[in-house]
There are 2 protein chains.
Amino acid sequence: MGVKTDQSSKYNKFAYTCLVCSVFVNIYFSYNLFGSKNWSLSWSTSAAAEAEAVASISCSGHGRAYLDGVVVDGKPICECNTCYDGPDCSTYIPDCPADVNSGDPLFLEPFWMQNAVSSALLVAGWHRMSYSFGDYTFTSQELEKSIRKLHSIVGNAVTEGRYIVFGTGSTQLLNAAVHAFSLDNSSTPSKVVVSVPFYPAYEFQTEFFATEDYKFYGDTSLCKNNSEDTMNVIEFVTSPNNPDGQLKKAVLNGPSAKAIHDHAYNWPHFTAIPSPSDEDLMIFTLSKLTGHAGVRFGWALIKDKDIYERMATYTNDNTFGVSRDSQLRALKLIKVVLEGDGRSIFKYASETMRNRWESLSQTVSLSTRFTLQEIAPRFCTFFQNVRGPSPAYAWLKCEREEDELCYQVLEAGGILGRDGTLFGAGSRYVRLSLIKTQDDFDQLLQHLNKLVLQDAGSTKGDI
Amino acid sequence: MGVKTDQSSKYNKFAYTCLVCSVFVNIYFSYNLFGSKNWSLSWSTSAAAEAEAVASISCSGHGRAYLDGVVVDGKPICECNTCYDGPDCSTYIPDCPADVNSGDPLFLEPFWMQNAVSSALLVAGWHRMSYSFGDYTFTSQELEKSIRKLHSIVGNAVTEGRYIVFGTGSTQLLNAAVHAFSLDNSSTPSKVVVSVPFYPAYEFQTEFFATEDYKFYGDTSLCKNNSEDTMNVIEFVTSPNNPDGQLKKAVLNGPSAKAIHDHAYNWPHFTAIPSPSDEDLMIFTLSKLTGHAGVRFGWALIKDKDIYERMATYTNDNTFGVSRDSQLRALKLIKVVLEGDGRSIFKYASETMRNRWESLSQTVSLSTRFTLQEIAPRFCTFFQNVRGPSPAYAWLKCEREEDELCYQVLEAGGILGRDGTLFGAGSRYVRLSLIKTQDDFDQLLQHLNKLVLQDAGSTKGDI
């Protein structure tokens, strides 16, 4: 009996221990199930799980899978960075040229991966099916508010006394602005001008859509700066400039001179911000702020009411305004930009761009074969210090007499840039994009190093 | 001792019972936490919770709150249907006119609320930041595949041997098509024509964007059907027609006649599908398929490679293609349309539209003051039966001699339609939208009933 009682007592103790453990396990589970934000999720769970499953597909840090990627064996495949291949992007392709042609702003992708929680967005199936927002317009009031707040924090543009028009990327707004200004001239077509070197889309787009009211004319220097001539001229002013990163002012002045200020790159990522831009018509794009070129969202700040109304009519007749999905996404992303002290993305972006510029400059300086544009250090009102260059593009020049076709020189060396002639400049120039992925930048440096070493070798041989 | 043993035994039994219960609770929790799809959610949870919180805001069935709605007291406000007001849209506004002007396809909103799980979409912060998809184009391959599959299931258009161009709504594609066709004429500008009554945007848009290559000319009947004249003519053919729902064919024929077939309404929702449309250039839009006008997504099926390339250049130069967010959303929604036997949305939509048409016809038939268009029943290859009318719009005519300005007659009766003169037709006609919310339709019927009863009263008085 004594033995039995002992055994029973041991057994009881074991059971109590089990009970205590089990209760703790229950407490743990109930915390996980009810204590976290998960507990109440219902209809959104499967969409969230689907997105996380796709995000968890491993692409070796040299690519990523997307929800709408090409499906093979039931799941989207990895989309690899340039020069990487294989199902998980782990295969490096030997002798692969660096592709630094486009202005694809993927240098910001790691920032958004680091901010996965705050930047994720769940869209309900019935989200904004209508053409109009609650106020019968095509534009989100909350997004407009967040844009005004953003400019006021960054100090890169005056929004007071400005109307805002949204565009399907700044691309749509560039032509909308030309269109709006050109209607001021009833007699002869307006001449659209821009100073060399300039972003090629101004020329392509203006020529493609030209109405009887305007035509692309070319370099600003073709116009004399007198009132008769500036009456009929619309000047694109890109500041900082694409391709060379210089801060620019309108060349043509006078009361009737019309300028479209393209401020795509006017963010602390790419330039010191000397003061808020206070122009009549300023265009910005999400692409070069958050890096989301694919969202196709831009905005224009406009002083004159007539010009504002004409540009709004343009975007309405062209596309019934901007996709409400693009507007929702832009709002979510700009909210993340504004979080905390609103400096996080600017620190990340400007450091990345400055580091890239310094690595590139160091490499180029090892040889006399190539030179880069010079950008003077300036006081930045946003960072409250003097900033060195951190441009979006290198505007590289081939200095050797025989290297007249610089694009071909670089191409032979495994670097695919963008030919200077497309920017209205000479063939000695090539634009190299510094805003693509880290892989793209690394490949650029690697090939450029080889070219520079060849040069050093040949110079030694000369001696 | 016996009592103590008994007590101890009872206590033990209680403890065992607790243990068993606790283990079952453990199993329940562990199932919930690990067995469901919830268990692994991490970075997406807060976005999902945010969307569900907004969706749970009560707007009394007469409105809805959106993620990007105007924020008051920390949460987005309800956006109410016409004639409803108050913080939860529960206040009916007396003497409020029925607004049946726009083609806002909100009749499909309940379908998407019923399909909340399958239609929800979670977008990661780093989703498709690039300009390009993996194949260096601006268009999603998966979306293109799903569109081809959709047409093959519905049987409303031939996609074999057709290129596809995406547009920021079909709106962008309408002008892209005019532009593309007009470049075939080097000498005189192309004349853009369309048969009365027609969708007003053709006129507004063509006039607004007119280049030197084309101009809006007016009614098709202004052109003689001979080869010289059709050389320079681009004809819009809307089938089923907006506003009157009739199936249409091109009026101008011959080898060089160019037609843009606008098939926005060519879905089993609005018409019997007699056979797959096999035209050279056919334009569709998500707006009138899934009801998502706000997504701004349309597509064109194009036979000729040159026309395809010109239209693609147009959308590229205009907006760098269609927002990748719109494309992702369109893909998700079309996937839901294709689920199961691919008939669910078509049954829902066609029943809703037929019921509305029948209610409206019944009301109108009580009086001789108004008449509606007649649409002949036809065999529908999709539903495999003969279908009566279920048009998107009523094309109402005021029959009384004194009711020459029909829009004003209806306006005085509390109905805001769209004036027939905007469609190139007479002022005796008004378009009434039947595709808005149930509230909008109910208000239309209510006011129309009053008008008809007035009429019956006055007729009695006459006798």
Side-chain angles (χ1 to χ4, degrees), chain A residues 12 18-19 22 25-26 29 32-33 37-38 41 43-49 51-52 55 68 70 79 104 109 112-113 116-117 119-126 128-131 134 140-142 168-169 171-172 205 208 211 291-296 317 319-320 323-326 328-329 331, chain B residues 12 18-19 22 25-26 29 32-33 37-38 41 43-49 51-52 55 68 70 79 104 109 112-113 116-117 119-126 128-131 134 140-142 168-169 171-172 205 208 211 291-296 317 319-320 323-326 328-329 331:
Chain A
N12 288 344
C18 285
L19 178 59
S22 180
V25 172
N26 276 341
F29 278 151
N32 270 279
L33 205 61
K37 281 175 179 170
N38 270 357
L41 293 184
W43 54 269
S44 68
T45 316
S46 90
E52 292 211 8
D68 56 359
V70 172
E79 299 185 18
D104 234 353
E109 195 182 51
W112 296 104
M113 288 180 169
V117 173
S119 63
L121 174 67
L122 194 130
V123 188
W126 62 93
R128 291 235 178 266
M129 294 176 63
S130 172
Y131 287 102
S140 159
Q141 280 184 45
E142 289 296 309
T168 304
T171 314
Q172 186 184 33
Q205 194 193 46
F208 191 86
T211 67
H292 292 80
V295 174
R296 312 306 311 127
D317 282 4
T319 55
F320 272 22
S323 161
R324 316 318 174 236
D325 293 76
S326 299
L328 175 66
R329 188 99 190 278
L331 176 63
Chain B
N12 286 346
C18 284
L19 177 59
S22 182
V25 173
N26 276 342
F29 277 148
N32 270 281
L33 205 60
K37 282 177 178 165
N38 267 358
L41 293 184
W43 55 267
S44 68
T45 317
S46 90
E52 292 211 8
D68 56 358
V70 172
E79 299 185 18
D104 234 352
E109 196 181 51
W112 295 105
M113 288 181 169
V117 172
S119 63
L121 175 67
L122 194 131
V123 188
W126 63 94
R128 290 234 179 265
M129 295 176 63
S130 172
Y131 288 101
S140 159
Q141 280 185 44
E142 289 296 310
T168 303
T171 314
Q172 187 183 33
Q205 194 193 48
F208 191 86
T211 66
H292 292 81
V295 174
R296 312 306 311 123
D317 282 4
T319 55
F320 272 20
S323 160
R324 315 317 174 237
D325 293 76
S326 299
L328 175 66
R329 188 100 190 278
L331 176 63

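Sequence lines set the chain letters: A, B, ... in the order given, protein chains first and strands last, and positions in each chain run from 1.
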Separation between CH2 of Trp126(A) and CE of Met113(B), rounded to the nearest 0.5 Å =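 One finds 6.0 Å between CH2 of Trp126(A) and CE of Met113(B).
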Given heavy-atom pairs under 4.5 angstrom as the criterion, report whether the side chain, backbone, both or neither of [X] touches chain A.
X	answer
Gln172(B)	both
Thr168(B)	both
Ala116(B)	both

Is Arg324(B) salt-bridged to Asp68(A), cutoff N-O under 4.0 Å?
->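 Result for this pair is no, no salt bridge flagged.
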Ignoring hydrogens and angles, state whether a donor on the side chain of Ser323(A) or Ser326(B) is under 3.5 Å from an acceptor on the partner side chain.
->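 Side chains of Ser323(A) and Ser326(B): pair found under 3.5 Å.
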Between Asp104(B) and Ser130(A): side-chain donor-acceptor atoms closer than 3.5 Å |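 Yes, because at least one side-chain N or O of Asp104(B) sits under 3.5 Å from a partner of the opposite role on Ser130(A).
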Can you name the closest pair of heavy atoms from [X] and [Y] and give their distance?
X	Y	answer
Gly125(A)	Ser119(B)	CA-OG, 3.2 Å
Asp317(B)	Gln205(A)	O-NE2, 3.0 Å
Ala47(B)	Leu121(A)	CB-N, 3.9 Å

For Arg296(B), all residues meeting salt bridge (charged side-chain N to carboxylate O under 4.0 Å, His left out), sequence neighbours excluded |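 If we apply the salt bridge (charged side-chain N to carboxylate O under 4.0 Å, His left out) test to Arg296(B), skipping adjacent residues, there are no hits.
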For Ser44(B), side chain to side chain donor-acceptor pair (under 3.5 Å) partners two or more places apart =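 Ser44(B) satisfies side chain to side chain donor-acceptor pair (under 3.5 Å) with Glu52(A) once adjacent residues are dropped.
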Are any side-chain N or O atoms of His292(B) and backbone N or O atoms of Arg128(A), one a donor and one an acceptor, separated by less than 3.5 Å?
->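 Pair absent, no side-chain N/O of His292(B) close to backbone of Arg128(A).
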